[in-house]
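Inspection log for the structure reproduced underneath, given as structure tokens.
Sequence positions, counted from 1, serve as the residue numbers for this chain.
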Amino acid sequence: MSVDPSAIPNFGAQPDKPGQPQQARKPTGPIMPNQDLVKQLLDRMKLKHVVDKEGDLVAPWKHHRVYFMFRGEERQRVLTVRTFYDRPHTIDDKPRLLQSIDEWNHSTLWPKVYTHTSDDGTVRLIGDFHLLLGAGVGFDHFVASVVSWVRAAGEFDKWLVERFGLEKDEDEESADGQDQGPDAPGDEATP
């Protein structure tokens with residue numbers, strides 16, 4: 001996925017002279033990202049998103065959901081981007097899953113993936129990214145991070161499908177047989 005620079009949200013644009021149109025300007029100092037900023041970026045990336053009942057922003061795909069959660073206060077504020085992979089696995093699959101995600105975690109920067117086992121023995125995977133916001137972050141760094149994290153969440157899902165020989169759904173294939181990737185969410189259920 002690539003993002004056209006002109007598609008990136010314009011924050012802080014101001015007219016150069018009275019009566020003239022606004023010129024796109026990036027903030028020159030640190031920004032304090034919030035949910036509205038992430039929504040604008042997801043809109044510009046043409047990604048579907050909703051706010052769940054807990055107030056977290058979610059970008060849902062057919063087999064995974066990416067949550068954008070702001071936690072903490074002031075200098076301890078953190079943006080956690082957490083991906084819940086919805087394909088269920090059995091407890092018998094867990095040793096193979098652990099071996100595979102160890103390989104993934106060793107060879108990639110993100111997401112760092114781990115397992116969650118439900119009381120009924122269903123094993124699901126979860127991926128995490130974290131960004132300490134502290135006193136603010138650079139605009140370019142924030143945009144590049146969010147774009148990279150969203151892409152990496154989808155790349156892990158594709159990697160897992162290939163690694164485990166999971167069947168792709170017909171609607172995940174485009175007309176030419178290529179996977180649509182993370183910038184083309186499918187028909188999702190509301191999280």
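Salt bridge Asp56/Arg71: present, at least one basic N to carboxylate O contact under 4.0 Å. Salt bridge present: Arg82 and Asp128 bring a charged side-chain N and a carboxylate O closer than 4.0 Å. By the 4.0 Å N-to-carboxylate-O rule, Arg124 lies too far from Asp86 to be salt-bridged with it.
The shortest heavy-atom contact between Pro111 and Gly127 is CB-CA, 3.9 Å. Contact detail for Gly134 and Met32: the closest heavy-atom pair is O-CE, 3.1 Å. Shortest non-hydrogen contact noted between Asn34 and Leu37 is OD1-N, 2.9 Å. Residues Asn105 and Lys112 share a closest heavy-atom pair of O-NZ, 2.7 Å. Nearest approach of Ala135 to Pro30, heavy atoms of both residues: O-CB, 4.2 Å. Taking all atoms of both residues into account, the shortest heavy-atom contact from Pro27 to Phe139 is CD-CG, 3.8 Å.
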Side chain to side chain contact (heavy atoms under 4.5 Å, CB included) between Leu79 and Phe142: does it pass, once the steps are laid out? CA-CA 10 Å; Leu79 168 61; Phe142 176 75; 3.7 Å; yes

Please evaluate residues Thr80 and Tyr67 with respect to the criterion side chain to side chain contact (heavy atoms under 4.5 Å, CB included), reporting the C-alpha separation (whole Å), side-chain torsions for both, the decisive distance (0.1 Å), and the verdict. CA-CA 8 Å; Thr80 296; Tyr67 285 75; over 6 Å; no

Do Val147 and Met45 pass the side chain to side chain contact (heavy atoms under 4.5 Å, CB included) test, and can you show the C-alpha distance, the side-chain angles, and the key distance before you say yes or no? CA-CA 8 Å; Val147 170; Met45 294 166 64; 3.9 Å; yes

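Between His89 and Lys94 the shortest side-chain heavy-atom distance does not fall below 4.5 Å. With contacts defined as side-chain heavy-atom distances shorter than 4.5 Å, the pair Val58/Phe68 does not qualify.
Here the straight-line distance linking atom NE2 of His116 with atom CD1 of Ile126 works out to 6.0 Å at 0.5 Å rounding. Note that CG of Leu57 and CG of Leu42 are 5.5 Å apart. Values are rounded to the nearest 0.5 Å. Separating the CZ atom in Arg87 from the OG1 atom in Thr122 is a distance of 15.5 Å, to the nearest 0.5 Å. Atom CG of Leu98 is separated from atom CD of Glu103 by 13.0 Å, given to the nearest 0.5 angstrom. Note: Ile101 CD1 to Arg163 CZ = 11.5 Å, rounded to the nearest 0.5 Å. Considering CG of Asp36 and CG of Leu41, their distance stands at 12.5 Å, rounded to 0.5 Å.
In this structure, Thr108 contributes its side chain and Trp104 its backbone to a donor-acceptor pair below 3.5 Å. In this structure, the side chain of Asp157 does not engage the main chain of His64 through any donor-acceptor pair within 3.5 Å. Checking side-chain atoms of Asp93 against main-chain N and O of Thr90 turns up a donor-acceptor pair under 3.5 Å. Under the 3.5 Å distance criterion, the side-chain polar atoms of Gln35 are matched with a main-chain donor or acceptor of Gly55.
Ring orientation note: the planes of Trp149 and Phe129 are close to parallel, at an angle under 30° on the 30°/60° scale.
If you chain together hydrophobic residues whose side chains sit under 4.5 Å apart, Val81 and Val78 never meet in one group.
For the pair Arg96 and Phe164, the cation-pi criterion (under 6.0 Å, within 45° of the ring axis) is fulfilled.
Looking at Tyr85, Tyr114, Phe84, Trp61 one by one, the single match for ring-ring contact (aromatic ring centres under 6.0 Å, His included) with Phe156 turns out to be Tyr85.
Heavy atoms of other residues, nucleotides or ligands lying less than 6.0 angstrom from CD of Gln99 number 12 at most.
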